[in-house]
Undergrad: 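Below is a structure I'd like to ask you about.
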Amino acid sequence: MGASTMAEVASAASAGSEAACTYFERDIETMPREQLAALQAQRLRRTVGAAHECVALHRERLDAAGVRPDDIRSVDDVRQLPFTLKSDLRDHYPFGLFARPLAELARLHASSGTTGKPTVVGYTRTDIETWAALMARSFVAAGTRRGDVVHNAYGYGLFTGGLGAHYGAERMGAVVVPMSGGSTEKQIALIMDFGARVLCATPSYALAIAEVADAQGVDLRSSALAVGLFGAEPWSDAMRTEIEARLPIRAVDIYGLSEIMGPGVACECECRAGLHGWEDHFLFEVIDPDSGAAVPEGQPGELVITTLTKEALPMLRYRTRDMTRVTTAPCDCGRTHLRILRITGRNDDMLIIRGVNLYPSQVEAVLVGQPRIAPHYQLVVDRRGSLDHVTIEAEVLPGVAAEDYDAIARAVAHHVKSLVGISTDVVVKPPGAIPRSQGKAVRVRDLRPKGG
Ligand code: DLL
């Protein structure tokens, strides 16, 4: 960060200002879009060149498609490039897509899927520095200021959440508490004792923290907490409202994935009108997941990301499987980088129930905020005859009488039918019956026969 931007962050902090327009790297974050596109084109050409030169899989595919790095002249030329899939990483486990020899790397992370080998990602020292700067940018956009105590409850380890948030918070001048997930009672004591102003956690774990605090009689509403950077799993606006009712926090959405970098690929600013995708380092596209064709701006589709500066693991048109919409319309914060609207869910998590597409987050939006229902739920999917069927397992708030469960279940089924358009069974359970997460919540239990 240049001296001038450091001074900007510092002055906002010392004035105790709530200024909506504080940047980490003002010139880049507010760069005119034509200039941004020119920078992207130049970086894209370089990335394609490195991928072609150093990664056999990319070279084979680029050659087969007849694309040479010199053919890349504008950002639109990205459409000539072949897609990269998660299975490509698995098929070339562990290091087959790396563009640098292992000895030139500074760090490895990995994410374990539900099946098969983990996906391994690598970073050079420069990659780690870029990641820290983009996370720092995200922290500042979200409302974190120098000197804030950042309580980091993202898991440390192979998961990118913990270390990604850690380095970013340090980079922008915050004081990090490297808590990781779990030990919820201790988390609460330290949030109170250390005066944390910023909480980093999955949204489901933030709620679990609030719930345990209530049970312990600790009033987190009187804590110094003010900002939450929540991500790593889909969550609804209803969940945001619920978290903000239980914690004295402005809940901000942060997005990322290990294959592209980790947290900090995109983050909401204080306007909270979509997540700014950091376009000087990534090229974002939204495509029709079936045809692969670009969808018009503002239309829903699958997010595809090309890295523009990654050294160790350049990614060409990575199919994220995340469904969203984007807008390049100006944001009130002054940042020019496009905004990704809330991720509705992963393509893989979409259920097709008697012909109707259903994401768990749609059920969440109906469930959360219903009277007498707690914000914890799971969807159980099974097959009845040739049809898929969903049972919603929901949980009541403490103090609800057991004889009311049936009436509550009928009311929930009715709301889901009228708002989402599918018939479900609803099973209402007593408080605490739905498992709580310390990281990414498990929202779907799929009992359908495999391969069918
Ligand atoms: O979850 C990185 C991360 C850590 C992001 C902490 C934000 C905060 P992975 O484990 O590789 O990386 O999982 C990436 O999680 O493709 C999405 O499906 C989902 N995801 C991440 N952030 C969000 C979000 C991290 N804000 C996968 N909203 C992604 C919805 C999200 N889904």
Side-chain angles (χ1 to χ4, degrees), residues 84-86 89-90 108-114 118-123 131 134-135 137-139 141-142 150-169 179-181 198-206 228-237 239-240 243 251-268 272 274-278 282 284 289 300 302-305 313 315 318-326 339-350 359-362 364-365 437-444:
T84 307
L85 308 176
K86 193 178 184 82
L89 279 154
R90 294 234 175 84
L108 299 173
H109 278 281
S111 65
S112 50
T114 38
T119 311
V120 183
V121 296
Y123 306 78
W131 184 13
L134 291 182
M135 263 313 284
R137 214 190 260 186
S138 303
F139 268 113
V150 172
H151 184 96
N152 186 11
Y154 283 122
Y156 280 67
L158 291 175
F159 175 54
T160 51
L163 285 170
H166 184 108
Y167 276 60
M179 184 64 208
S180 199
V198 180
L199 174 63
C200 296
T202 58
S204 57
Y205 190 50
L229 273 85
F230 300 134
E233 62 187 11
W235 54 306
S236 59
D237 272 328
M239 190 67 108
R240 166 135 66 191
I243 293 172
V252 171
D253 197 0
I254 180 161
Y255 170 79
L257 62 169
S258 36
E259 296 88 330
I260 294 301
M261 179 176 82
V265 172
C267 187
E268 282 181 330
R272 301 195 301 179
L275 300 83
H276 290 283
W278 304 126
F282 310 107
F284 298 92
E302 179 182 339
L303 187 65
V304 170
I305 308 178
L313 187 57
M315 276 292 177
Y318 185 72
R319 302 270 309 243
T320 66
R321 299 279 166 207
D322 292 323
M323 300 300 286
T324 189
R325 295 178 290 137
V326 300
R339 280 170 292 152
I340 297 171
L341 305 179
R342 223 174 235 298
I343 305 275
T344 31
R346 292 182 63 73
N347 207 359
D348 321 330
D349 291 345
M350 189 184 79
Y359 289 102
S361 59
Q362 289 173 280
E364 176 181 300
S437 81
Q438 297 179 351
K440 293 177 192 261
V442 177
R443 299 300 192 193
V444 177

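Indexing begins at 1, ligand by ligand and atom by atom, following the structure's order.
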Undergrad: Anything with a heavy atom under 4.0 Å from ligand 1 counts, so go ahead and list those protein residues by chain and number.
TA: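 Tyr154, Phe159, Thr160, Gly161, Gly231, Ala232, Glu233, Pro234, Asp253, Ile254, Tyr255, Gly256, Leu257, Ser258, Glu259, Pro263, Asp322, Ile343, Arg346, Lys440.
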Undergrad: Under the criterion side-chain contact (heavy atoms from CB on, under 4.5 Å), I'd like the reasoning laid out for Thr160 against Tyr154: C-alpha separation, chi angles, the key distance, then a yes or no.
TA: CA-CA 9 Å; Thr160 51; Tyr154 283 122; over 6 Å; no
Undergrad: Determine which pairs satisfy salt bridge (Lys or Arg N to Asp or Glu O under 4.0 Å) with at least one residue from residues 259-268, sequence neighbours left out, and list them in order.
TA: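 For residues 259-268, and leaving out neighbouring residues, the salt bridge (Lys or Arg N to Asp or Glu O under 4.0 Å) pairs sorted by first residue read Lys86-Glu259, Arg240-Glu268.
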Undergrad: Identify the two heavy atoms, one from Pro289 and one from Met323, that lie closest to each other, and give their separation to 0.1 Å.
TA: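 Answer, listing the atom of Pro289 first, then Met323: CG-CE, 4.0 Å.
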Undergrad: Which one of Arg342, Arg272, Arg339 satisfies the salt bridge (Lys or Arg N to Asp or Glu O under 4.0 Å) criterion with Asp253?
TA: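 Between Asp253 and the candidates, salt bridge (Lys or Arg N to Asp or Glu O under 4.0 Å) is satisfied uniquely by Arg342.
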Undergrad: What closest approach, in Å, do Arg346 and Tyr359 show between heavy atoms, and which atom pair accounts for it?
TA: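 In terms of heavy atoms, the two residues are closest at O-CE2, 3.4 Å.
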Undergrad: Are any non-hydrogen side-chain atoms of Thr202 and Trp235 less than 4.5 angstrom apart?
TA: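 No - every pair of side-chain heavy atoms lies 4.5 Å or more apart.
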